[in-house]
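Okay, structure first, notes after.
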Amino acid sequence: TANRIMVVWAHMDSKECAIKVEEMVKRVVEERNAGNTEATVTLTDYNLLIEGWARSKCGTAAAERCEQILSQLEEHPDTFPNRDSFKAVLLAWKASKDANAATRAQRILEKMINDFISGENRMACPDSECFDIVLQLWSRSGRDDAPQRNEHLVLAMERLYDATRIECLQPKTSSFNAVLAAWSRSEDPETVKHVSGIVEFMETHAKLGDTSIEPDMVSYNIYVATLARWKQHPNKVEALLKKVEGNENLVPSVFYNTVVSCWARSKLPDSYRRARSVLGRQMNHYVATADEKCKPDVYGFTSVLASCAVEPKEKFKAFTVAVSTFYQLKKSDKYGSPNHVTYGTMLKCCALLLQPSHSLRKKWVKNIMLQCIEDGCVGEMVMSRFREAASPELFREVMMGVDKKNLPSSWTSNVHEKRNSRKNRKNIAGKAIRR
């Protein structure tokens, strides 16, 4: 009964419950010291105590307390810590968000390896999950040497597996993904080369029959995000998309969006056609599979509009594609609704693709702006684009005396935009890579 209570408290994710588990363990120890030979603290009890602190959400203090308990367990005359004991401490450091969590966790992992190899504690044998915890900590650490540390860890993992042939030590796709993630955040100019090489290594082994490290969509998402971040030629990025599609993978929306945005940012002639083609393939893919993960969204449609806006030669053709893409989103009940960025980008298309004297410019600028007002999507970006696209007369006509610095709430009800947008875009890009 007492053990069941400890199990419940250890899994309650609070400091108070961790303290309750510790009080129960101390009480049993005190009874044992008082002469009650039936009072015994088992390895399971100690592991529950460590787990309770690991889940307590007390940060660094909890992780350090877990290490203290582990040390006490190692000094226990009758009980050795096992893999679960060490793993709970590793998880505590993972949950701590401490700046030195990767270093502290690696020390624990190294002790497990040394104790196992030396024979001092054969129950300390780590498994791939233990390695993955440390690998993930390094990949998120922000350290310049994180990629190299992760590569060394995976190499140590492979050597230990080759030496022991213990199945749980075999590196997995998730292990290599952590290495890819570390490289994806690196500022090393050779980053693309390293990421490409790792993915090719994983693919080669999979073709030879070792599917344990076969690349998955996480691998390819990291790869495509890295290519985009380092501004590789969109042809290279799209080639990766076609390759992944050819493997009959369900390609997620973010993957397609990344490829479309690469074409949009490239400002290459005809990039708008290539971007629209990718979006078309995504739509066909979604219709064929009905998988929500690959469903086109407002970001993909808006990126196509952005690619149209910067077309240097076929301006009117690009504008025609922009209009059809915009209304395909507008009239669809599947892909979401245009947001303030969509409307702002469409106004940018009007400004850059239609000359001020063009007979359609006034019509489309007015049309788009009125729809934007109706949808409550008028923000700073839209007002800036509207000012660029509209003549002074049209601006006054549409604004109807409204102060641009004090817009009606009905005009802005669906705007979610923050100031310092350039800084925000950088933050968003960073978060995309961290995922």
Side-chain angles (χ1 to χ4, degrees), residues 220-221 223-246 249 251-289 294-332 334-339 341-355 358-361 363-365 367-368 371 385 388-389 425:
Y220 288 119
N221 276 333
Y223 190 9
V224 76
T226 304
L227 294 177
R229 179 180 174 230
W230 286 90
K231 299 180 180 179
Q232 299 297 290
H233 196 285
N235 277 331
K236 184 175 182 179
V237 183
E238 187 170 351
L240 177 59
L241 171 62
K242 290 179 179 178
K243 176 181 179 180
V244 176
E245 287 176 327
N249 288 297
V251 185
S253 299
V254 66
F255 202 112
Y256 282 105
N257 290 347
T258 301
V259 179
V260 173
S261 65
C262 282
W263 279 113
R265 290 199 306 268
S266 72
K267 299 182 181 180
L268 294 170
D270 206 38
S271 62
Y272 75 95
R273 294 183 191 273
R274 302 293 295 272
R276 186 62 181 84
S277 173
V278 173
L279 178 62
R281 291 217 311 277
Q282 181 183 4
M283 294 169 71
N284 293 336
H285 195 51
Y286 173 63
V287 170
T289 63
C294 67
K295 182 171 73 172
D297 56 30
V298 65
Y299 303 105
F301 280 87
T302 303
S303 292
V304 171
L305 299 184
S307 69
C308 292
V310 295
E311 168 57 33
K313 295 180 179 180
E314 299 178 342
K315 291 182 177 290
F316 189 71
K317 289 182 180 179
F319 182 74
T320 302
V321 170
V323 171
S324 64
T325 302
F326 173 78
Y327 276 105
Q328 192 167 23
L329 173 64
K330 179 79 173 170
K331 295 177 181 179
S332 170
K334 295 183 294 187
Y335 306 134
S337 302
N339 59 22
V341 180
T342 311
Y343 279 109
T345 308
M346 195 61 206
L347 288 168
K348 182 180 180 181
C349 288
C350 295
L352 296 180
L353 300 176
L354 298 177
Q355 291 294 325
H358 198 290
S359 59
L360 293 178
R361 176 153 166 167
K363 170 191 170 182
W364 280 110
V365 171
N367 191 346
I368 297 298
Q371 290 182 65
R385 299 298 188 198
E388 293 170 1
R425 284 196 295 272

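Counting begins at 1 with the first residue of the sequence.
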First locate atom [atom1] of [X], then atom [atom2] of [Y], and finally report the distance between them rounded to the nearest 0.5 Å.
X: Leu227; Y: Leu241; atom1: CG; atom2: CG; result: 11.5 Å
X: Leu353; Y: Lys317; atom1: CG; atom2: NZ; result: 13.5 Å
X: Phe316; Y: Phe319; atom1: CZ; atom2: CZ; result: 7.0 Å
X: Cys294; Y: Glu245; atom1: SG; atom2: CD; result: 9.5 Å
X: Phe255; Y: Leu240; atom1: CZ; atom2: CG; result: 4.0 Å

Nearest heavy-atom neighbours spanning [X] and [Y]:
X: Tyr272; Y: Ser307; result: CA-OG, 3.4 Å
X: Ser337; Y: Val298; result: O-CG2, 3.5 Å
X: Cys349; Y: Leu305; result: SG-O, 3.3 Å
X: Pro296; Y: Ser253; result: N-OG, 4.4 Å
X: Cys350; Y: Val365; result: CB-CG2, 3.6 Å

>> Walk me through whether Met283 and Lys295 qualify under side chain to side chain contact (heavy atoms under 4.5 Å, CB included).
In response: CA-CA 7 Å; Met283 294 169 71; Lys295 182 171 73 172; over 6 Å; no
A side-chain contact here means heavy atoms from C-beta on lying under 4.5 Å apart; do [X] and [Y] qualify?
X: Val323; Y: Met346; value: yes
X: Trp263; Y: Asn235; value: yes
X: Asn257; Y: Ser303; value: no
X: Thr325; Y: Cys308; value: no

Donor-acceptor pair, [X] side chain versus [Y] backbone, under 3.5 Å?
X: Arg265; Y: Pro234; value: no
X: Arg276; Y: Ala322; value: no
X: Thr345; Y: Ala306; value: no

> Can a salt bridge be assigned to the pair Glu311 and Arg273 using a cut-off of 4.0 Å between side-chain N and carboxylate O?
Replying inline: no
> When you check the gap from the basic side-chain N to the acidic O, do Glu388 and Arg385 get nearer than 4.0 Å?
Replying inline: yes
> Please walk me through it: do Tyr335 and Asp297 pass side chain to side chain contact (heavy atoms under 4.5 Å, CB included)?
Replying inline: CA-CA 5 Å; Tyr335 306 134; Asp297 56 30; over 6 Å; no
>> Would you say Thr342 and Thr302 are linked by a side-chain donor-acceptor pair, where the criterion is simply a distance under 3.5 Å?
In response: yes
>> Suppose we screen for side chain to side chain contact (heavy atoms under 4.5 Å, CB included). Which residues come up paired with Gln371, at least two apart in sequence or across chains?
In response: Phe326, Tyr327, Lys330, Tyr343, Asn367, Ile368
> Passes side chain to side chain contact (heavy atoms under 4.5 Å, CB included), Val304 versus Val260? Steps please.
Replying inline: CA-CA 7 Å; Val304 171; Val260 173; 3.8 Å; yes
>> Suppose we screen for salt bridge (charged side-chain N to carboxylate O under 4.0 Å, His left out). Which residues come up paired with Arg274, at least two apart in sequence or across chains?
In response: Glu238
> Taking only residues two or more places apart in sequence or in another chain, which ones pass salt bridge (charged side-chain N to carboxylate O under 4.0 Å, His left out) with Lys267?
Replying inline: none
> Is there a side chain to side chain contact (heavy atoms under 4.5 Å, CB included) between Leu268 and His233 once you walk through the steps?
Replying inline: CA-CA 10 Å; Leu268 294 170; His233 196 285; 3.6 Å; yes
> Aromatic rings His285 and Tyr256: how do their planes relate, parallel, tilted or perpendicular, breaks at 30° and 60°?
Replying inline: tilted
